[in-house]
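Worth knowing before you read on, the calculation uses all heavy atoms, side chains too, and leaves out hydrogens, waters and symmetry mates.
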Amino acid sequence: MKRNMNLSERLLRGSGIVMSVFGALETVVFIVLTGGLIVANSATVSLFSGTGEIIGAAAFLATALLELITGILGARCAKNGASETVCIVFGVLCLGLTILSLVMIGRKFDLLSGASLAICAILPVIYIFAAFKTQQARNAAEEAPEEEAAE
């Protein structure tokens, strides 16, 4: 039996799917760029030139993988009714790593890095909002039959 999803569940599922796609693409881009750096720097045997680049690259890869996992969790939560709390926690982690990776890669904060941060943070914020609203709607739906049975 197929149930109707409310707006917050559809928003959670949609943002989860988009995050999964972006996470997969970011992972592929990271692998391709790292392979290119290895080939280009094979003579100097230096993959990254400093600690900031290593931390930034690790944060980028962690963000990509976490975004992929978070998106899958959100889509499954909206479809199967899994725990929204897990989605909220992963959404907050994803938002934090997104901000960290943009700050580490950008190093200085200007108008362009601020715009980039805002654009990259929009999807995790929508995801967290949708997970929170889905949790509220499901809690309200669970309490409603109990109140009717008590009367």
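Looking at heavy atoms from C-beta onward, R76 lies out of side-chain contact with C87 at the 4.5 angstrom threshold. Contact of the L12 side chain with the C77 side chain is registered, since non-hydrogen atoms from C-beta on lie closer than 4.5 Å.
For L93, the side-chain contact (heavy atoms from CB on, under 4.5 Å) partners two or more places apart in sequence, or in a different chain, are L66, V89. With sequence neighbours excluded, the residues forming a side-chain hydrogen bond (donor to acceptor under 3.5 Å, both in side chains) with T134 are S8, listed by chain and number.
In the hydrophobic cluster analysis, where Ile, Leu, Val, Met, Phe, Trp and Tyr join through side-chain heavy atoms closer than 4.5 angstrom, I126 is grouped apart from L95. Both L97 and L123 are members of a single hydrophobic cluster when ILVMFWY side chains are connected at heavy-atom separations under 4.5 Å.
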Table please: side-chain donor-acceptor pairs of residues 16-30 below 3.5 Å, with sequence neighbours left out.
residue	atom	partner	partner atom	Å
S20	OG	G16	O	2.9
S20	OG	I72	N	3.1
T27	OG1	G23	O	2.8

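For the pair K133 and E9, the salt-bridge criterion is not met [side-chain N within less than 4.0 Å of a carboxylate O].
How far CD1 of I88 is from CG of L73: 12.5 Å, rounded to the nearest 0.5 Å.
Counting only distance, with no hydrogens or angles, the side chain of Y127 and the backbone of T70 share a donor-acceptor pair below 3.5 Å.
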